[in-house]
Amino acid sequence: MSVAKKDYKRITTKSLIEMKANGEKISMLTAYDFTMAQIVDHAGVDVILVGDSASNVMAGHETTLPITLDQMIYHASGVVRGTSRALVVVDLPFGSYQSDPKEALRSSIRIMKESGGHAVKMEGGSEIKDSIKKILNAGIPVMGHLGLTPQSIYKFGTYTVRAKEEEEADKLIEDAKMLERIGCFSLVLEKIPAALATRVAQSISIPVIGIGAGGGVDGQVLVIHDMLGMNNEFNPRFLRRYLDMFDQMTKAIGNYVADVKSSDFPNEKEQY
C-alpha cells in the first residue's frame, strides 16, 4: 500500500524519520553561502549540509582538515539566512570534537547559537560515542557519518571504498545500530559497498543518506560543486553531473572579457 507524500513546509529531524517510514527518498546537497542556499532551498532539497568540504571547494585545501570552527560558523550563518524550508546540518570540523566530550559540546553549542543551524554532523562510531551522547543530552540533534570519513584520511591513507572486509563491515553495522540507539536522527554512509549500505538501512529505523553507497539507502547527498560540474577534475564513480558549469561559466566570462575589450559592453542601453 503506497503512502501519500506529505507536503512539508519546513523539514525537521522528525520529518526525515517520517519520510523513511513512508518510503520517500530524502534529497541532500551541500551549500556554503547565502546565494547558493537560496537556490538549493527553492529547488526543494530536503537537507542542506554545510559540509567541511568547504575546505576543498571554497578554500582550495587538499583535505577537509584545515577548516576551522569559526569558518564553519561563517559559512553556516549565510546558509541559514538563505534557507526557509530545508533542514540545515553543519559539519563539526576536525579538531572541534575529538579531544573530549566537553570540547565537542562547546563546539556544537557555538554552531547552534552563532549560525542558527538545526543540527550537527560528526564522523565516527564507537570512538566518539561519549561526545555524541554529551551533545544529544544538551538537546542538539546529531547526524552520524560512517564509512569513508575524510577527516581520518591520514589514518586510512586513501579515499578508496571502505568496509569491503567482513571485520570492518561488521563494525560499521554495530556502529550504525549504536548511533541509532543513543539518539542520532540520521546517518551518512560514504563510499561503502551498496549491499552493505542497503543492509544497514534496513536494520535501523533512522534515515540513512548515502554518497557512493548505492540506491538501497533512504536518500542521497552530493557536493553541490561536483553535481553542477563546477569542478571538472573530480570524477568518482558515484558522481552524476547535472550541469557542466565549468564550461558554461568559462564561456560566459570569456564573452564578457571580449565585450569589454572591444568596447561592446556597455552599449547605449546599458548606461545612464
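When reading the values below, keep in mind they use all heavy atoms of this one structure, side chains included, and skip hydrogens, waters and symmetry mates.
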Trainee: I'd like to know if the side chain of His42 reaches the main chain of Val45, judged simply by a donor and an acceptor atom lying under 3.5 Å from each other, with no hydrogens or angles considered.
Mentor: no
Trainee: Should Ile39 and Met58 be counted in the same cluster of Ile, Leu, Val, Met, Phe, Trp and Tyr side chains packed under 4.5 Å apart?
Mentor: no
Trainee: Within this structure, what is the NE2-CE distance for the pair His118 and Met143, rounded to the nearest 0.5 Å?
Mentor: 12.5 Å
Trainee: Show the nearest heavy-atom pair for residues Met36 and Ala31, with the distance to one decimal.
Mentor: CG-CB, 4.3 Å
Trainee: Does Arg106 have more than 12 heavy atoms from other residues, nucleotides or ligands lying within 6.0 Å of its CZ?
Mentor: yes
Trainee: Is any side-chain heavy atom of Leu187 closer than 4.5 Å to one of Ile209?
Mentor: no
Trainee: Please check if atom CD in Gln271 has more than 12 non-hydrogen atoms from other residues, nucleotides or ligands closer than 6.0 Å.
Mentor: yes
Trainee: Give a yes or no on whether the backbone of Ile206 and the side-chain of Lys20 come within a donor-acceptor separation of less than 3.5 Å.
Mentor: yes
Trainee: Nearest 0.5 angstrom please: Asp218 CG to Leu16 CG, how far?
Mentor: 10.0 Å
Trainee: Do the side chains of Asp70 and Arg110 get close enough for a salt bridge, i.e. N-O under 4.0 angstrom?
Mentor: yes
Trainee: Tell me, yes or no, whether the heavy-atom count around Glu270 atom CD, taken from other residues, nucleotides or ligands under 6.0 Å, exceeds 12.
Mentor: yes
Trainee: Would you say the side chain of Asp247 lies within less than 4.5 Å of the side chain of Lys251, judging by non-hydrogen atoms?
Mentor: yes
Trainee: Can you find a heavy atom in the side chain of Tyr97 that is under 4.5 Å from one in the side chain of Ile135?
Mentor: no
Trainee: With a 4.0 Å cut-off on N to O distance, would you call Lys171 and Glu168 a salt bridge?
Mentor: no
Trainee: Provide the closest heavy-atom pair for Pro141 versus Met112 in the form atom of the first, atom of the second, distance.
Mentor: CD-CE, 4.2 Å
Trainee: With the threshold set at 4.0 Å, does a side-chain nitrogen-carboxylate oxygen contact exist between Lys121 and Asp91?
Mentor: yes
Trainee: Looking at Thr30 and Ser53, what are the two nearest heavy atoms and their distance?
Mentor: CG2-OG, 4.2 Å
Trainee: Which is it for Val208 and Ser186 under the side chain to side chain contact (heavy atoms under 4.5 Å, CB included) test, yes or no, and what are the steps along the way?
Mentor: CA-CA 6 Å; Val208 175; Ser186 65; over 6 Å; no
Trainee: Run the side chain to side chain contact (heavy atoms under 4.5 Å, CB included) test on Val40 and Ile224 for me, step by step, so that the C-alpha distance in whole Å, both residues' side-chain angles and the decisive distance to 0.1 Å come before the verdict.
Mentor: CA-CA 9 Å; Val40 171; Ile224 188 76; 3.9 Å; yes
Trainee: Surrounding NZ of Lys134 (heavy atoms of other residues, nucleotides or ligands, distance under 6.0 Å), is the total greater than 12?
Mentor: no
Trainee: Ignoring hydrogens and geometry beyond distance, is a side-chain donor-acceptor pair present between Ser27 and Asp46 at under 3.5 Å?
Mentor: yes
Trainee: Identify the heavy atoms of Thr83 and Ala37 that sit nearest to each other, and give their distance.
Mentor: OG1-CB, 3.9 Å
Trainee: What pair of heavy atoms forms the shortest contact from Pro101 to Ser131, and how long is it?
Mentor: CA-OG, 3.4 Å
Trainee: Begin from the C-alpha positions of Leu189 and Leu172 and carry the test side chain to side chain contact (heavy atoms under 4.5 Å, CB included) through to its verdict.
Mentor: CA-CA 9 Å; Leu189 291 180; Leu172 187 145; 4.0 Å; yes
Trainee: Take the angle between the ring planes of Tyr32 and His75 and call it parallel below 30°, perpendicular above 60°, tilted in between.
Mentor: perpendicular
Trainee: Should Val88 and Ile109 be counted in the same cluster of Ile, Leu, Val, Met, Phe, Trp and Tyr side chains packed under 4.5 Å apart?
Mentor: yes
Trainee: Determine whether Met72 and Phe94 fall in the same hydrophobic cluster, where Ile, Leu, Val, Met, Phe, Trp and Tyr are linked whenever their side-chain heavy atoms lie under 4.5 Å apart.
Mentor: no
Trainee: What distance do Ile173 atom CD1 and Met178 atom CE have between them, rounded to the nearest 0.5 Å?
Mentor: 13.5 Å
Trainee: Got more than 12 heavy atoms from elsewhere within 6.0 Å of NZ, Lys25?
Mentor: yes
Trainee: Among side-chain atoms of Glu180 and Ser205, is any donor-acceptor pair under 3.5 angstrom?
Mentor: yes
Trainee: Scan side-chain atoms only and decide if Thr35 and Gln38 contain a donor-acceptor pair under the 3.5 Å cut-off.
Mentor: no
Trainee: Please answer whether the main-chain N or O of Gly95 pairs with a side-chain N or O of Gln98 as donor and acceptor at a distance below 3.5 Å.
Mentor: yes
Trainee: Just how far is it from atom NE2 of His225 to atom CG of Leu29, taken to the nearest 0.5 Å?
Mentor: 11.5 Å
Trainee: Do the side chains of Phe185 and Val142 get nearer than 4.5 Å, heavy atoms only?
Mentor: no
Trainee: Drop me the distance from Leu239's CG to Asn235's CG, to the nearest 0.5 angstrom.
Mentor: 7.0 Å
Trainee: Is there side-chain contact between Asp52 and Glu123, with at least one heavy-atom pair below 4.5 Å?
Mentor: yes
Trainee: What distance do Asp226 atom CG and Leu228 atom CG have between them, rounded to the nearest 0.5 Å?
Mentor: 9.0 Å
Trainee: State, yes or no, whether a side-chain contact exists between Thr198 and Val217 at a heavy-atom distance under 4.5 Å.
Mentor: no
Trainee: Where do Val221 and Ile26 land on the side chain to side chain contact (heavy atoms under 4.5 Å, CB included) test, with the steps shown first?
Mentor: CA-CA 9 Å; Val221 59; Ile26 298 163; over 6 Å; no
Trainee: Is any side-chain heavy atom of Lys102 closer than 4.5 Å to a side-chain heavy atom of Leu105?
Mentor: no
Trainee: Can you find a heavy atom in the side chain of Ser84 that is under 4.5 Å from one in the side chain of Asp41?
Mentor: yes
Trainee: Asn56 and Glu62: which non-hydrogen atoms are nearest, and at how many Å?
Mentor: ND2-O, 3.3 Å
Trainee: Answer yes or no: is there a donor N or O on one side and an acceptor on the other, between the side chain of Ser107 and the main chain of Ser96, under 3.5 Å?
Mentor: yes
Trainee: I'd like to know if Met230 and Val79 are part of one continuous hydrophobic network [Ile/Leu/Val/Met/Phe/Trp/Tyr, side-chain heavy atoms within less than 4.5 Å].
Mentor: yes
Trainee: Determine the sole option in Glu24, Arg85, Glu18 for which the side-chain hydrogen bond (donor to acceptor under 3.5 Å, both in side chains) test with Tyr8 is passed.
Mentor: Glu18
Trainee: If Ile, Leu, Val, Met, Phe, Trp and Tyr residues are connected whenever their side-chain heavy atoms lie under 4.5 Å apart, and connections chain through other members, are Leu65 and Ile128 in the same group?
Mentor: no
Trainee: Under a 3.5 Å distance rule, please check whether Asp259 uses its side chain to pair with a backbone N or O of Asp264 as donor and acceptor.
Mentor: no
